[in-house]
Number of protein chains: 2
Amino acid sequence: MGNREDLLAGALACLKDRGWARTTVRDIATAAGVNHAAIGYHFGSRDALLTEAFMLAMEEWGDEVEKATAAGVDPDASPRERYEAFWREAIASFGRSRELWLATIEAGVQAEHTPKIKELVQMGMQMSRTGFASKLLGVPEETLDGQTARTVGSIQLALMSGLLMQWLIDPENAPSEQDIADGLVALAAHITNSPRA
Amino acid sequence: MGNREDLLAGALACLKDRGWARTTVRDIATAAGVNHAAIGYHFGSRDALLTEAFMLAMEEWGDEVEKATAAGVDPDASPRERYEAFWREAIASFGRSRELWLATIEAGVQAEHTPKIKELVQMGMQMSRTGFASKLLGVPEETLDGQTARTVGSIQLALMSGLLMQWLIDPENAPSEQDIADGLVALAAHITNSPRA
DNA sequence: AAATGGTTTATCCAAATGGATTGACCAGAT
DNA sequence: ATCTGGTCAATCCATTTGGATAAACCATTT
């Protein structure tokens, strides 16, 4: 393990607990236990290093999501129980890997200023849509039609990032897994009813 | 209109198209057409000015949300039509006031580093929950019980920020108002069904 | 007209920042 | 042993940053 790996690890750490914008080359170098000149040598620039570190963060993020979706596949449970189990695990992950999740939100902001990041986030969102839709409905990704991915997948993805924000900023008032399922069902029921509810 | 007002307007502009982290005192001063020393005189520090400007952004944000909710109250329309009308207007606003919406996301990140901002965002989220729930269900805020606000309101708020992210980062693949309603109903139907769908 | 108090501007400054340079180091090939 | 290509660290550098200082400005009061 040379400086290169140390720098990547240090950059990932900084990305999590300082965020993209406020990490300096010296922050990274200190976290990595390396002279900051090594950044220029191995990566060319601070931004290039951070971009590469962000890819590591996306992998970790994928693992966390997978862990949550894995919780929602008990064949003996009802769909609702499975759905709540998913959120129970997701919410736990929000707390357990708080900094990581925070970094994913900041990535959304950073995407606006760094084209490469934008591409990565777009890719991640597309994969999430189909992944969520398939796992949620219990249909293999191959046989999943694009329309369902765009509807169910997009909604689940939106709930994921939206509820993440609530849990990060105001966990006191954020909805529990039951609240989520209740709200979803109540909202859909209201929309479906032809007369006023 | 003295420097103070100009600085606030300039800071708001910078907040929108440069974001909190990357706006410098000189950016603001230039945008305001004012010497940057005036920031110290009128607000004490860059962060204090940005915090005050952020409150202006929150007001504008409230107006945009209100405009969208107003689109969802046609008494002749079905609940579903009203819901889609809301999202049609919301999505239009995402495009029309792109920078403003972007600033609200960055606020979520900034909340992590600036307690005052965190308070403001928490407040905004609480108001949004009850506001959304009441407008959506057609129930005055006074008679709305806390549980419904936490469930339906939280879900709608989550969809709002989650779908905003999708529309900001990848409008090409973001769901339309029909997609949203479809997905919501399909997801709820799946959860409700006792056997597998 | 002179004085006053609030405001604005022109500079100054120390610290921080990203990056470049330069010479040391070191394992493996010659 | 020495040469070589890659790695590393110490140091330097120009620029940018947020903020402070102090002098000018200006309307109002005396």
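Chain naming here is simple, since letters A, B, ... match the order of the sequence lines and numbering starts at 1 in each.
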Taking N or O atoms only and anything under 3.5 Å, show me the protein contacts with nucleotides 14-24 of chain C, one pair per line.
from   : atom 1 : to      : atom 2 : distance (Å)
C/dG18 : OP1    : A/Arg46 : NE     : 3.0
C/dG18 : OP2    : A/Val25 : N      : 2.7
C/dG18 : N7     : A/Arg26 : NH1    : 2.6
C/dG18 : O6     : A/Arg26 : NH2    : 3.0
C/dG19 : OP2    : A/Arg46 : N      : 2.9
C/dG19 : N7     : A/His36 : NE2    : 3.4
C/dG19 : O6     : A/His36 : NE2    : 2.7

Would you kindly say whether [X] and [Y] are connected by a side-chain donor-acceptor distance under 3.5 Å?
{"X": "B/Asp182", "Y": "A/Gln147", "answer": "no"}
{"X": "A/Thr23", "Y": "A/Arg18", "answer": "no"}
{"X": "A/Asn173", "Y": "A/Gln166", "answer": "no"}

Write down the distance between [atom1] ([X]) and [atom2] ([N]), rounded to a whole number of angstrom.
{"X": "B/Leu7", "N": "D/dG19", "atom1": "CG", "atom2": "P", "value": "13 Å"}
{"X": "A/Tyr41", "N": "D/dA10", "atom1": "OH", "atom2": "P", "value": "17 Å"}
{"X": "A/Arg4", "N": "D/dT7", "atom1": "CZ", "atom2": "P", "value": "10 Å"}

Does the A/Arg98 side chain pair with the main chain of A/Leu168, one donor and one acceptor, at a distance under 3.5 Å? yes
Return the angle between end axes of the helix from C/dA1-D/dT30 to C/dT30-D/dA1, with five pairs used per end and rounding to 10°.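 Rounded to the nearest 10 degrees, the bend comes out at 30°.
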So B/Ala38, base contact, sugar-phosphate only, or nothing? Heavy-atom distance under 4.0 Å. base
Tell me if the CD atom of B/Glu66 is crowded by more than 12 foreign heavy atoms within 6.0 Å.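 At most 12 heavy atoms, drawn from other residues, nucleotides or ligands, come within 6.0 Å of this atom.
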Neighbour count above 12 (heavy atom, 6.0 Å) for B/Lys118 NZ: yes
State plainly whether one hydrophobic cluster holds both A/Leu15 and A/Leu120, where clusters connect Ile, Leu, Val, Met, Phe, Trp and Tyr through side-chain heavy atoms under 4.5 angstrom apart.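 Linked within one cluster.
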Passing candidate, side-chain hydrogen bond (donor to acceptor under 3.5 Å, both in side chains) with A/Tyr83, options A/Arg88, A/Gln156, A/Glu177: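 Only one of A/Arg88, A/Gln156, A/Glu177 forms a side-chain hydrogen bond (donor to acceptor under 3.5 Å, both in side chains) with A/Tyr83, namely A/Gln156.
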